[in-house]
Asker: 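Quick one: this structure, given as structure tokens, is what I'll be asking you about.
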Amino acid sequence: MAQYLLLALAASASLLAGVCSSVLAQQPVQPLPKVGSCPLGYYSSGGYCVPSSGGNTRGAIEKSGAGCPLGFYSSGNYCLSSPSNDREAIQKSGKGCPLGWYSSGSYCVRSR
């Protein structure tokens with residue numbers, strides 16, 4: 001009986017670790033410097049676009065160039081994370097991306 005309990009506990013811990021790591025990899029929902037109008041799900045406050053409190057707000061990044069990185073879509077001067085996206089993106093600095101990230105247009109996207 002104790003053996004089955006330990007197996008169930010180990011499986012639960014493994015599942016929880018997987019859920020936590022995927023949550024941590026999502027684009028952060030945080031205030032952004034305001035560039036033009038705010039993206040969907042954000043409102044203007046001072047010089048920032050602040051996430052709405054409705055709970056459906058997606059993480060965003062300022063648009064760099066014409067397109068958005070893989071897993072994101074355009075919303076004004078920003079790229080919003082798609083509902084099914086579980087990756088984080090940053091603007092590319094220079095020609096390459098840091099270890100653990102891959103290039104997607106003008107952005108670096110975190111690998112799984």
Asker: Looking only at heavy atoms, what is the nearest atom pair of Lys92 and Lys95, with distance?
Answerer: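 For Lys92 versus Lys95, the nearest heavy atoms are CD-O, 3.8 Å.
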
Asker: What is the minimum heavy-atom distance between Leu32 and Pro39, and which atoms define it?
Answerer: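 Closest approach of Leu32 to Pro39: CD1-CG, 4.5 Å.
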
Asker: With sequence neighbours excluded, give me every side chain to side chain donor-acceptor pair (under 3.5 Å) pair touching residues 59-71.
Answerer: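 Every side chain to side chain donor-acceptor pair (under 3.5 Å) pair that includes a residue of residues 59-71, provided the two are not neighbours, is Lys63-Ser74.
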
Asker: Please check: side-chain N/O of Ser82 versus main-chain N/O of Gly71, any donor-acceptor pairing under 3.5 Å?
Answerer: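 A pair under 3.5 Å: yes.
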
Asker: So, for Pro69 and Cys79, which heavy atoms are closest and what is the spacing to 0.1 Å?
Answerer: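 Pro69 and Cys79 have their closest heavy atoms at CD-SG, 4.0 Å.
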
Asker: Should Asn85 and Phe72 count as side-chain neighbours, where that means a heavy-atom distance under 4.5 Å?
Answerer: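 In short, these two side chains touch, coming nearer than 4.5 Å.
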
Asker: So which atom in Pro83 and which in Arg58 form the shortest heavy-atom distance, rounded to 0.1 Å?
Answerer: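 The answer is O-NH2, 3.5 Å.
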
Asker: Could you give me the CA-CA distance, side-chain angles and deciding distance for Ser81 and Gln26, then say whether side-chain contact (heavy atoms from CB on, under 4.5 Å) is met?
Answerer: CA-CA 8 Å; Ser81 182; Gln26 292 177 347; over 6 Å; no

Asker: Check for a donor-acceptor pair, side chain of Gln27 on one end and backbone N or O of Ala89 on the other, with a separation under 3.5 Å.
Answerer: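 Looks like yes, one N/O pair under 3.5 Å.
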
Asker: Output yes when a side-chain donor or acceptor of Ser106 lies under 3.5 Å from a complementary backbone atom of Gly65, and no otherwise.
Answerer: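 Not confirmed, Ser106 side chain does not pair with Gly65 backbone.
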
Asker: If you look only at pairs with a residue in residues 35-57, which of them pass as a side chain to side chain donor-acceptor pair (under 3.5 Å), with sequence neighbours excluded?
Answerer: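 Listed by first then second residue: Lys34-Ser44.
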
Asker: Is Tyr73 linked to Val29 within one hydrophobic cluster, defined over Ile, Leu, Val, Met, Phe, Trp and Tyr using a side-chain heavy-atom separation of less than 4.5 Å?
Answerer: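 In one cluster with Tyr73: Val29, yes.
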
Asker: For Val35, does its backbone N or O pair with a side-chain atom of Tyr78 as donor and acceptor, under 3.5 Å?
Answerer: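 Yes.
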
Asker: Are side-chain heavy atoms of Tyr102 and Leu70 found at a separation under 4.5 Å?
Answerer: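 A side-chain contact under 4.5 Å exists here.
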
Asker: Could you state the interatomic distance from OG (Ser111) to CG (Leu99), rounded to the nearest 0.5 Å?
Answerer: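 Those atoms lie 8.5 Å apart.
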
Asker: If hydrophobic residues (ILVMFWY) are linked whenever their side-chain heavy atoms come closer than 4.5 Å, directly or via other members, who joins Ile90 in its cluster?
Answerer: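 Grouped by the 4.5 Å side-chain rule, Trp101 form the rest of the cluster around Ile90.
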
Asker: How close do Ser104 and Val109 get, heavy atom to heavy atom, and via which atoms?
Answerer: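 Shortest heavy-atom contact: CB-CG2, 3.8 Å.
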
Asker: Do Cys49 and Pro31 come within less than 4.5 Å of each other through their side chains, counting heavy atoms only?
Answerer: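 No, too far: nothing below the 4.5 Å cut-off.
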
